Amino acid sequence: MIDSGVIDLTSEPADSEDIQKAIAASLHETPGILGGQVTKEEQDISRILEASLAESKAGTKRKRGDLWFVDPLNPHERKRSEKWPVGLKNVGNTCWFSAVIQSLFHLRQFRHLVLNFQFHQPTEAGVDGSPVDNRNLLFMKELRSLFGLLVGSSKKYVDPSKAVEILKEAFSSPTGGNDSQQDVSEFQHKLLEWLEDAFKVYKNKPSTSTSEESKSDCDKEIKSPVVDLFYGQFKAEGINEGKGFLNVETFGQFPLQVSGFRDIHESLEAATSPGEIEAVSSDVTQKSGQELWFTRLPPVLTFELSRFQFNQQLGRPEKIHNKIEFPQVIYMDRYMERNQSITRQRREDGKKLKEQLKLLKAKLDKFLRYGSGNKRVPLQDVLQYALEFAQSKGSSETTTATLSTSLNQDVDMESPRATVSDNKASPRLPTCDLPDVAMSSYTRSPIRPPRTIDSVSSPSPRHVGESELKVLENCLHRWRTEVEMDVRELQENIASLEEKVSGMYSDETMMKFPYHLHAVLVHEGQAASGHYWAYIYDVIHEKWLKFNDITVTESSWEELEKEGVGGYHNASAYCLMYVDRSRLQYNDVASAQHLETMDCLPSDLSKMVTEDNRAFAKEIELWNEDQARKTAEAEAKAAAEKKMVKSQSTAYTQTSQLSGRPSLHVVHAQISSQETLKAVNNHIDLQLSPDKILIQSVNQELKRLSALGGEQVQQLLPQDDLRLKHMLIYMVFNRADIKLQQLTELEQFSYLKNLEQSEKGRAIRSAANEFVLRYQKDCSPELERRLEEWHNKYQLFREVVYLFVKGLEAFSKERFAEALPYIDQAWHYNSDCCANGKYEHFGVNRKMMAYFRRTCLQSLNTSATEQFESEEDISEALTLMNSLILPTLPALFTSGYAADVSAAEEMREKWCAFLGEQLSDSKIDKLQDFLSKLFEPPTEVKRQCSQHIRNSDLSDLYTRYKLIMDELHKSGELKKAVSC
């Protein structure tokens, strides 16, 4: 195949003089990506950089046997939603593979080529060929299978391990590692090269065509469908040390510099427009330069954004986080050879316009940043301040009356001997001769002793006459009007010129080659480690999708811009893939829909995918049978236990036993037993039957608790939580059914053992028990089931509070390592209790919990980074990272709070900052391991081992909650938590 000439420009040589020599020699010998051969010196530099990069990347290698992602046991969690795109499993630092493969798979024409690739010997492809041919054909076979599964799999994601292993063998690093994170553009270049060789149809024939037939002859020369799809041509012409040269080169991924450019058009202009390079010869310094013109653009146009630079001092690569914007549609007409004369003329016109813009902006800056010192302010403000000072009331006897006219009012008078400039564009102030009244008045004034200052007032003139103020007011008003007119005129001229510059290529003649953005490959992290994902445009449904390993989600252009243009934390676009829709049949909707179904698969792939789906369906069937069996067993056990509980119930004892533990009904009745007893005692001396005493007592409690469970609970939260005092307050607050409230309150009386001390008390309890039994008999099983659910909810709520209180008690003593596991576990329990925030009143304030968890994490992360930086023994830092920070950090990205996401990003950045420091080899190794885990793709957050909570642990829960909240209120932490 023809060498594409693509050079990895993401690294810089170690010496700027070497760079100039390499470029000059390159131009002389046919320049690299911009012209052909690469010099021996460039090759040596490249080898040094590659070895350094490989050495840095080797730190991200995971230990053998470590699993990157474990499949959920429940196959339903791995089941694909109907017609939703399939993800790719990360099998160990392979997010780069997923990002590129998904971008290529969603190119319909490329998908069609791969799926319909024909092997000469289907079962023994490449057996008699060279090792390279065997490898390429074997990879092609695995890629076909992978594409087939991406089309028709019933799974949410598929495993690319076989294809990845083939690639990893070819990407073995010089240091011996073969698990290092691979550069996206390097991988994509190698991938296309393999596929091109696999097709075995590429022929390189010398071109003898004229310029008018160059395109057709080029098409004859390039026969490979892969080359035809991804490779274009450009012509490099220029002068090297006085000698002209002209070269035609093939390119795959076109490199664009990021630093110093606002958008990719500016970068393209810099890469293709005439530029001078100073080459150093033995005797004399001569000027050399070149310009590029595209002669043929491929249907798929890929730009590689050079976001790596080599830090010569540290001897390692670094990532460039600079912002560079890119459009959804880019027109390439201005860079085409066919428009060479038009573009050159417009570049000259644009250069003149930009020079005018620069001059006008400099003039405007003089107005907006007026002054000679460090602190400069708009000239309009200076004039306003001068007038305000002149108009200020002084405290001396000679201070004149306040003027009624202001700066914003016109004064129908002329300044004495004033000269006004007619040049509106000049910022120079007109001169105005003032009568010498103030000076003569000042010289005649006697010297007064210092005055006592009763209050702080603004500075004001000590002596000023009314005529002087009127003249000043007139002058300053006129000057400010002139300045405002000048500023407005400059701004309008600048806007007009900017519009002309931006629209120089917006006419029809320069908008015939539109390329639409197909995919954006994003990298988050630093040069030596990080995570890749891709944004891909779904043409059929007209929306952006985010492909993040196993997760495929709907996205938006706003999210893509935020994470793609750069300048936002450590995420930025690394590769842009544009497509010419007219040559890829994007308007053929029927064909596009056909490629999304199993009908597009050849028979061998269709059979393979069908068998895989059948095996997955069988797995689901077995799982369902197993779950049905377990459910039936659980229901039978629950029915038996329920029957046992009812049989053990008596009129005087309602202490049912479930697996050796009191039922939740009993536990929750005991919490408020004193309040229930007080309600009975208020009526027990009345001359009424036990039934009527019970009814009055129940109604009194229902009324009291209903009042407490309303607005009062909301007003006291979060410093006080009355829900912990009585289950009925919890039910009222969450608007439980009134029948359930009545039944719950009757149970409270039936479980009140203290009534056994008197005969009347026993009669009241017996009546309560009879009411409960009658209620249970008359009510439907559904009502009883719902009551059980309320008891379970209330118990979970109390466990959440218990864990949270335990964590806060440690937090208040700054024992953050002890506090974090409790608060994190409380968060997850609370998410279950509140249905992830859908029913906020069922649990604890999520915003408050998020604050305390976040604060713990930030404190621990700060401690870990300080120990990592300053101490030789980093075992404690390792413990903090592995046992607390790394397991908890992913939850911050899914909490739903922007403050959590921002905190998580800042914690990542603290570790990334170590990449620019001198560290020992052992620390670098640990750091790379940390970073690889910090930037792992987000998956379902795994909960840490739950603590077993006993009913005895929940005693005095209200008191403990109130005490810790009062303490946090006094320290100010509670206010921060609820207002952050």
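It should be emphasised that the depicted structure is a prediction, and the values quoted were computed from it without experimental measurement.
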Undergrad: So does K562 have more than 12 non-hydrogen atoms from other groups sitting under 6.0 Å from NZ?
TA: no
Undergrad: I need the full list of salt bridge (charged side-chain N to carboxylate O under 4.0 Å, His left out) pairs touching residues 96-106, with sequence neighbours left out, sorted by first then second residue.
TA: none
Undergrad: Does any N or O in the side chain of N322 come within less than 3.5 Å of the main-chain N or O of S259, such that one atom is a donor and the other an acceptor?
TA: no
Undergrad: Mind checking the CG-CD1 spacing from L517 to I330? Nearest 0.5 Å is all I need.
TA: 9.5 Å
Undergrad: Can you tell me how far apart CD (E561) and CD (E325) are? Round to the nearest 0.5 Å.
TA: 7.0 Å
Undergrad: Count the heavy atoms of every other residue, nucleotide or ligand shown that sit under 6.0 Å from CZ of R344, and state whether that count exceeds 12.
TA: yes
Undergrad: Assess the side chains of Q328 and Y537: does a donor N or O sit below 3.5 Å from an acceptor N or O?
TA: no
Undergrad: Taking atom types as modelled and ignoring hydrogens, do the side chains of H265 and Y335 form a donor-acceptor contact shorter than 3.5 angstrom?
TA: yes
Undergrad: Which residues pass the side chain to side chain donor-acceptor pair (under 3.5 Å) test with Q345, not counting sequence neighbours?
TA: D349
Undergrad: Can you sort out the partners of P299 under side chain to side chain contact (heavy atoms under 4.5 Å, CB included), two or more places apart, ordered by chain and number?
TA: L229, R583, L584
Undergrad: Could I get the full list of side chain to side chain donor-acceptor pair (under 3.5 Å) partners for E237, not counting sequence neighbours?
TA: Q340
Undergrad: Charged N to carboxylate O below 4.0 Å: is that the case for K235 and E337?
TA: yes
Undergrad: Do you know which two heavy atoms are closest between L305 and A573, and how far apart they sit?
TA: CD1-O, 3.6 Å
Undergrad: Identify, with sequence neighbours excluded, every residue that meets side chain to side chain donor-acceptor pair (under 3.5 Å) alongside D538.
TA: H541
Undergrad: Identify the two heavy atoms, one from L143 and one from I101, that lie closest to each other, and give their separation to 0.1 Å.
TA: CD1-CD1, 3.8 Å
Undergrad: Are a donor atom and an acceptor atom from the side chains of K319 and S572 found within less than 3.5 Å of each other?
TA: yes
Undergrad: Of F303, F294, Y231, which is the lone residue that meets ring pair (Phe, Tyr, Trp, His ring centres under 6.0 Å) with F251?
TA: F294
Undergrad: I'd like to know if the side chain of H106 and the backbone of Q102 have a donor-acceptor N/O pair within less than 3.5 Å.
TA: yes
Undergrad: Taking the six-membered ring of F117, is the NZ or CZ of R144 close enough (under 6.0 Å from the centre) and on axis enough (within 45°)?
TA: no
Undergrad: Using the six-membered ring wherever Trp is involved, compare the ring planes of Y532 and H523 and label them parallel, tilted or perpendicular (cut-offs 30° and 60°).
TA: tilted
Undergrad: Which residues pass the side chain to side chain donor-acceptor pair (under 3.5 Å) test with S267, not counting sequence neighbours?
TA: none
Undergrad: When the ring planes of W533 and H531 are compared, do they come out parallel, tilted or perpendicular, using 30° and 60° as the limits?
TA: tilted
